[in-house]
Amino acid sequence: MIDNSHLGDGLAQNDEGRRVDMRAEASDDAKIFQAFGSIYFGETVPVEDIPQEEQATLRRAWVPVGTVSPLIERLRSGGLAVIGGAPRMGKRSAAIRALIEYSDERTSAKAKPLKLKQVTPDWERETPQVSRLPTEANHGYLLDVSAEISKWSNPLETASALVARAARLREEGSCLILISNQSGWPHGTGTVTAPYVTALERPDPREIATAHLETVHNRPARVAWLRLAHDGVPPGLCAHLITEDTAPADAAYLATLLAGVTDDQDGIKAAIDAFQQWDAHLTKVFGGEDDRSVDDRALLIAAALLGDAPALRIQSVARDLVGMPAASDNSNNYVRRVLAAEELKARFEGIGATLKGQNASLTGKPGLGNATIERVWTQRPDLRQPLLEWITRITAPKAEAEEHLQHIGRMLVRLAAAHTDVRLLRLVQKWVEAEGSATDRRPLVATILNEAAQDPTLGPVVRDELLNWAQSSSLNLATTVALVCQMTFAEHYPRQALVRLQWILRRPQDDEAVTAAEEAVRRMAARPSPLVKDVWPAVTRWAVKDGMLSGRRAFLAMVDPRPSYSHLKELLAVADDKPEVRGMLLDAWRATLADEMVDGEARAVLTAWAYGIATGTLPESTTLELLHQIVQHHLTASPVSALLYDTNVLEPEPHPGGLAHVRRLLWQRVHTTGPSPTRAEC
């Protein structure tokens with residue numbers, strides 16, 4: 001959808017691969033649908049409540065900073081405030097607190113309070129569609145673009161559009177706070193610069209931790225653990241954990257750790273180790289240049305990567321990392337090295353792991369696994385490429401770590417998010433493309449990528465990769481993307497999901513990837529959210545576009561009653577009530593029946609519609625009327641001819657009357673409204 005506040009030029013590509021120049025202009029309420037990167041549906045991007053728990057925490061445990069007042073002032077004057085600055089400055093908390101205080105201020109002035117919502121930037125990050133931002137009355141919106149703003153193709157134009165959109169919000173009694181990074185928002189003059197506020201002041205982290213212990217966790221006695229030395233009283237046991245550079249989120253996390261441990265030395269030590277990311281323990285393991293500790297370091301890396309796994313398997317992949325000869329080598333060096341080492345139990349205990357039966361695990365030391373991989377990645381950058389090659393070897397089909405892909409995948413995604421390193425995602429790509437695996441890896445990888453695609457930091461990079469995979473000729477990559485689009489990614493980023501499904505559905509062969517993409521379209525259409533219901537008009541308009549095989553496939557998937565009748569019954573009910581929806585359905589059927597490439601699929605869906613009438617699972621009046629109009633205007637189409645005359649069409653289950661009954665009803669309607677169809681006409 002492009003309105004006159006955001007006119008657009010674009011390049012689309014049809015199913016034959018030709019580039020097609022597309023220019024669009026429209027009135028404010030008109031919708032224009034372009035394929036492959038420019039198909040928009042719905043009036044707004046996805047919106048959800050800012051969690052009540054987060055709001056309550058920021059009311060009870062707020063530590064004042066000077067950023068909030070300027071944000072509120074910007075909201076009063078223009079409806080838009082932009083908070084930028086370095087990471088770990090508490091920008092989200094300051095933005096939400098500003099919305100809370102502004103809402104309270106309105107309430108005191110006898111105005112309606114704001115409903116606080118967070119907005120998902122469901123667009124390709126280079127070209128934000130500002131016209132799709134919501135404008136509901138009496139709402140306070142939060143939009144975080146800090147991970148994507150540096151990729152905006154025209155920051156000044158987008159910023160100007162946001163200022164204009166905010167003016168409309170202000171007219172509705174609403175407002176928007178946008179979270180930026182420290183350099184992405186364009187600094188010019190006038191209206192673009194006016195909303196900007198730099199987060200220069202970080203809230204006092206000790207006050208944050210104290211407030212959280214007292215009011216959020218109801219542990220006021222443990223505040224003493226954080227107090228600095230004063231008047232001859234020694235500092236608390238955990239006072240050293242907080243410095244001036246401690247991020248607000250880390251201070252809140254420390255309070256959570258301290259609130260959850262036992263009230264003794266062991267409990268406090270566990271909290272300290274977890275908060276410090278096991279710094280002392282890892283310094284002991286990785287510090288110095290002692291050759292004798294190399295095997296133990298490799299053992300810890302392997303244990304961190306594999307998670308809960310058989311001890312001998314962890315030892316084996318650790319030996320693979322350091323290149324220790326296999327037992328079959330039988331050299332004196334191998335035997336001497338094994339005999340010189342400690343016994344396995346002592347070695348695992350030395351690296352902080354616990355042996356339970358035949359398995360070794362770091363689960364008793366929360367955060368140790370993540371801290372280990374992070375430490376190696378940051379402190380030993382020369383090992384990054386060898387580590388990637390090692391992980392590739394041990395996760396290959398039938399290799400020793402293949403059973404642990406889920407744990408390894410989540411570890412890699414967490415590391416990729418911390419460092420925005422796309423190489424880690426490319427390693428996951430190799431898992432999908434590898435041949436010879438005993439199990440189908442694609443659902444597992446799709447689950448990992450579904451979570452990663454919604455990560456605030458890594459998400460934009462993962463979504464770009466999903467777009468690349470969707471355009472790939474690889475069956476496994478395309479199928480994996482289609483599986484991701486069947487998951488929660490499609491709920492939060494419906495437009496981006498549909499764009500990726502478009503590329504998959506244009507594949508020349510009706511393969512497994514196409515089948516998975518069709519299922520994704522059905523699931524999107526069936527979701528109860530009012531927003532994703534707009535997939536219906538998007539797909540029907542998409543199907544009408546000439547030359548778009550992907551649109552025909554998507555439409556047939558959406559109106560196919562065989563997998564599930566529920567969403568189709570709802571669509572037919574809307575069509576019965578709204579002539580414009582009925583017209584959209586008929587237009588899409590017209591375009592689909594004219595495309596011989598989907599004759600077989602169209603025949604099956606038309607037959608399923610007729611069978612739905614016969615069995616009473618679809619509303620007879622609406623469905624029969626639509627079928628009648630389809631038949632009347634498309635007698636020469638092969639699927640219509642099959643529906644009317646082919647006696648070899650099989651019903652899913654025998655039913656009294658069955659398809660023959662529906663055919664008679666259709667013939668009667670055609671006789672009363674126009675010439676009777678004959679085989680010569682068909």
Side-chain angles (χ1 to χ4, degrees), residues 147 277-278 282 286 297-309 313-314 317-318 320-321 361-363 365-434 437 439-469 472 474 476-477 480-481 483-484 487-489:
Q277 296 188 315
W278 299 89
L282 293 176
F286 288 103
R297 293 171 182 174
L299 193 68
L300 178 55
I301 294 170
L305 192 69
L306 267 62
D308 190 358
R313 184 178 301 162
I314 293 174
V317 298
D320 180 282
L321 176 60
S361 173
L362 298 176
T363 53
K365 306 289 176 62
L368 177 55
N370 292 334
T372 298
I373 301 300
E374 173 68 22
R375 175 108 175 198
V376 174
W377 196 258
T378 55
Q379 298 298 321
R380 299 178 186 267
D382 291 345
L383 274 181
R384 291 180 182 180
Q385 190 57 38
L387 281 171
L388 292 175
E389 294 171 0
W390 170 64
I391 295 172
T392 300
R393 287 196 305 274
I394 65 175
T395 57
K398 301 179 182 178
E400 289 181 288
E402 186 178 17
E403 295 179 19
H404 306 277
L405 290 184
Q406 185 166 12
H407 187 273
I408 296 172
R410 289 203 164 93
M411 188 78 71
L412 293 175
V413 166
R414 198 174 289 115
L415 194 63
H419 298 275
T420 320
D421 195 329
V422 76
R423 289 179 301 172
L424 297 159
L425 296 178
R426 300 279 160 72
L427 195 152
V428 175
Q429 176 179 339
K430 291 179 181 178
W431 293 356
V432 176
E433 295 180 304
S437 178
T439 58
D440 186 357
R441 296 177 168 199
R442 295 171 301 186
L444 170 63
V445 172
T447 301
I448 295 170
L449 294 179
N450 174 62
E451 297 175 7
Q454 300 172 68
D455 181 84
T457 303
L458 186 63
V461 177
V462 176
R463 297 194 291 272
D464 287 349
E465 283 296 291
L466 291 177
L467 183 58
N468 292 333
W469 290 17
S472 167
S474 166
N476 285 338
L477 291 181
T480 302
V481 177
L483 293 175
V484 172
M487 301 178 185
T488 55
F489 167 67

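Heavy atoms only: backbone and side chains are in, while hydrogens, waters and symmetry mates are out.
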Worksheet entry | Residue pairs involving residues 453-463 (criterion salt bridge (Lys or Arg N to Asp or Glu O under 4.0 Å); sequence neighbours excluded) | none

Worksheet item: So which pairs with a foot in residues 416-426 pass salt bridge (Lys or Arg N to Asp or Glu O under 4.0 Å), sequence neighbours left out?
Response: Asp421-Arg423, Arg426-Glu465

Nearest heavy atoms of [X] and [Y], plus distance in Å:
{"X": "Val422", "Y": "Val461", "value": "CG2-CG1, 4.2 Å"}
{"X": "Leu306", "Y": "Ala401", "value": "CD1-CB, 4.2 Å"}
{"X": "Ala453", "Y": "Phe489", "value": "CB-CD1, 4.0 Å"}
{"X": "His404", "Y": "Ala309", "value": "CE1-CB, 3.3 Å"}
{"X": "Pro456", "Y": "Ala147", "value": "O-CB, 3.2 Å"}
{"X": "Asn476", "Y": "Val432", "value": "ND2-O, 3.2 Å"}

Name all residues meeting the side chain to side chain contact (heavy atoms under 4.5 Å, CB included) criterion together with [X]; count only those two or more places apart in sequence or in a different chain, and write none if there are none.
{"X": "Leu444", "result": "Leu405, Gln406, Ile448"}
{"X": "Pro443", "result": "Asp440, Leu483"}
{"X": "Ala396", "result": "Ala399"}
{"X": "Ala302", "result": "Ile314, Val317, Ala318, Trp390"}

Results of side-chain hydrogen bond (donor to acceptor under 3.5 Å, both in side chains) for [X] - residues two or more places apart only:
{"X": "Glu403", "value": "Arg313"}
{"X": "Thr395", "value": "Trp431"}
{"X": "Thr488", "value": "Asn450, Gln454"}
{"X": "Glu374", "value": "His419"}

Between [atom1] on residue [X] and [atom2] on residue [Y], distance to nearest 0.5 Å:
{"X": "Leu415", "Y": "Asn370", "atom1": "CG", "atom2": "CG", "answer": "9.0 Å"}
{"X": "Leu477", "Y": "Asn468", "atom1": "CG", "atom2": "CG", "answer": "10.0 Å"}
{"X": "Leu412", "Y": "His407", "atom1": "CG", "atom2": "NE2", "answer": "10.5 Å"}
{"X": "Leu388", "Y": "Lys430", "atom1": "CG", "atom2": "NZ", "answer": "7.5 Å"}
{"X": "Arg375", "Y": "Leu300", "atom1": "CZ", "atom2": "CG", "answer": "10.5 Å"}
{"X": "Ile301", "Y": "Leu321", "atom1": "CD1", "atom2": "CG", "answer": "5.5 Å"}

Considering only heavy atoms from C-beta outward, does the side chain of [X] approach that of [Y] to under 4.5 Å?
{"X": "Glu400", "Y": "Ile394", "result": "no"}
{"X": "Lys365", "Y": "Trp278", "result": "yes"}
{"X": "Asp308", "Y": "Leu362", "result": "no"}

Item to complete: Pick out which of Val484, Asp464, Val481 makes a side chain to side chain contact (heavy atoms under 4.5 Å, CB included) with Trp469.
Response: Val481

Worksheet item: Is a side-chain N or O of Ser472 found less than 3.5 angstrom from the main chain of Ser474, in a donor-acceptor match?
Response: yes

Worksheet item: Hey, does the side chain of Arg442 reach the backbone of Thr480 with a donor-acceptor pair shorter than 3.5 angstrom?
Response: no

Item to complete: Apply the test side chain to side chain contact (heavy atoms under 4.5 Å, CB included) to residues Arg410 and Thr447: give CA-CA distance (whole Å), side-chain angles for both, the deciding distance (0.1 Å), then the verdict.
Response: CA-CA 10 Å; Arg410 289 203 164 93; Thr447 301; 3.9 Å; yes

Worksheet item: Of all residues at least two apart in sequence or in a different chain, which pass the salt bridge (Lys or Arg N to Asp or Glu O under 4.0 Å) check with Arg384?
Response: none

